[in-house]
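Below you'll find the structure, written out as structure tokens, and then a few comments.
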Amino acid sequence: MKDRRSVIEAAEQYVKKELEADPSGHDWWHIDRVRRMALRIADKEQADVYICELAALLHDIADEKLNDSKEAGMAKVHGWLSEHVEDRDVIDSVVEIISTMSYNGGQNPPMKTLEGQIVQDADRLDAIGAIGIARTFAYGGSRGRVMYNPGAYEELSPENYRSGDRATIDHFYDKLLKLKDLMNTAYGRELALERHKFMELYLKQFYLEWGIEQ
């Protein structure tokens, strides 16, 4: 039987191999920040740190933006867990978290467990604030999107959330500015507020430099 530390170390090596060179903001350092934030929140909330850490490490292995489909990504996660983890309850918990934690246009149901709420908060925190802004433009650039298209913004329906012809700035309004009010934990909400304010300041400066009154 593998002890928990060896499972975590194996997950680290697997995720580094899979995502280290990712140019879209879903690289190893994103994973590591989400892991460290999840552990920080888990300590505050007295949650199962093993479940939180393992789910945080593996969460973007299944990301449909990085796979042919969500099903293909989840198959990779499930396959890795089945090979490295013997406890069926742990596998089920991690799979449930990863399969339901994405934003998905705000359509996904609430997370069922405290651990899921924590990992979702940690991932969302890395999507906002200074690093969130940097990741947003990295992702837009990796998909060939323009930074901004003045006067072209239209609010998306949830079904069209991942429309490929959006300007990068549109993503702030499609998702990022909404995350503050969607945090699950009290500590997550506290941290999100500061990062949200920074994004508002950034957008104000962006439009100022673009020459638009906002």
Kindly compute the distance separating [atom1] ([X]) from [atom2] ([Y]), expressed to the nearest 0.5 Å.
| X | Y | atom1 | atom2 | value |
| --- | --- | --- | --- | --- |
| Ile128 | Phe198 | CD1 | CZ | 12.0 Å |
| Tyr187 | Ile118 | OH | CD1 | 12.0 Å |
| Leu114 | Asn184 | CG | CG | 9.0 Å |
| Arg166 | Asp174 | CZ | CG | 4.0 Å |
| Leu57 | Cys52 | CG | SG | 11.0 Å |
| Glu71 | Met74 | CD | CE | 9.5 Å |

Worksheet item: If you take all heavy atoms of Lys178 and Leu182, which pair is closest and at what distance?
Response: O-CG, 3.4 Å
Discussion item. Restricting to non-hydrogen atoms, name the atom on Ala11 and the atom on Leu54 that form the minimum distance, rounded to 0.1 Å.
Written reply: CB-CD1, 4.0 Å
Practice prompt. Please name all residues satisfying salt bridge (Lys or Arg N to Asp or Glu O under 4.0 Å) with Arg135, sequence neighbours left out, ordered by chain then number.
Written response: Asp126
Strictly by modelled atom types, are [X] and [Y] linked by a side-chain donor-acceptor pair under 3.5 Å?
| X | Y | result |
| --- | --- | --- |
| Glu209 | Gln205 | yes |
| His30 | Asp123 | yes |
| Arg124 | Tyr103 | no |

Using atom types as modelled and distance alone, determine if a side-chain donor or acceptor of [X] lies under 3.5 Å from a backbone N or O of [Y].
| X | Y | value |
| --- | --- | --- |
| His84 | Leu81 | no |
| Asn149 | Ala167 | no |
| Asp60 | Asp63 | no |
| Gln120 | Met101 | yes |
| Ser82 | Gly79 | no |

Discussion item. Is the ring pair Phe206/Tyr148 parallel, tilted or perpendicular, if the boundaries are 30 and 60 degrees?
Written reply: perpendicular
Practice prompt. Could you check whether the rings of Phe137 and Tyr202 sit parallel, tilted or perpendicular, using 30° and 60° as the cut-offs?
Written response: perpendicular
Worksheet entry | Worked verdict on Arg189 versus Asp181 for side-chain contact (heavy atoms from CB on, under 4.5 Å) | CA-CA 8 Å; Arg189 287 190 292 273; Asp181 296 325; over 6 Å; no
Practice prompt. Any chance you could lay out the side-chain contact (heavy atoms from CB on, under 4.5 Å) test for Leu19 and His26, step after step, and finish with the verdict?
Written response: CA-CA 7 Å; Leu19 299 177; His26 299 82; 5.6 Å; no
Worksheet item: So with a 6.0 Å cut-off around CD of Glu200, is the heavy-atom count from everything else above 12?
Response: yes
Worksheet item: Got a sec: does the CH2 of Trp210 have more than 12 other heavy atoms crowding it under 6.0 Å?
Response: yes
Fill in: Trp80/Leu58 under side-chain contact (heavy atoms from CB on, under 4.5 Å): CA gap, chis, key distance, verdict
CA-CA 9 Å; Trp80 189 92; Leu58 295 171; 4.0 Å; yes
Fill in: Check: Ile98 and Ile61 side chains under 4.5 Å, non-hydrogen atoms
no
Worksheet item: How far apart are the C-alpha atoms of Glu53 and Arg4, what are their side-chain angles, what is the distance that settles it, and do they pass the salt bridge (charged side-chain N to carboxylate O under 4.0 Å, His left out) test?
Response: CA-CA 10 Å; Glu53 186 169 15; Arg4 291 184 168 192; over 6 Å; no
Item to complete: Quick one: list whatever passes side chain to side chain donor-acceptor pair (under 3.5 Å) with Asp48, sequence neighbours left out.
Response: none
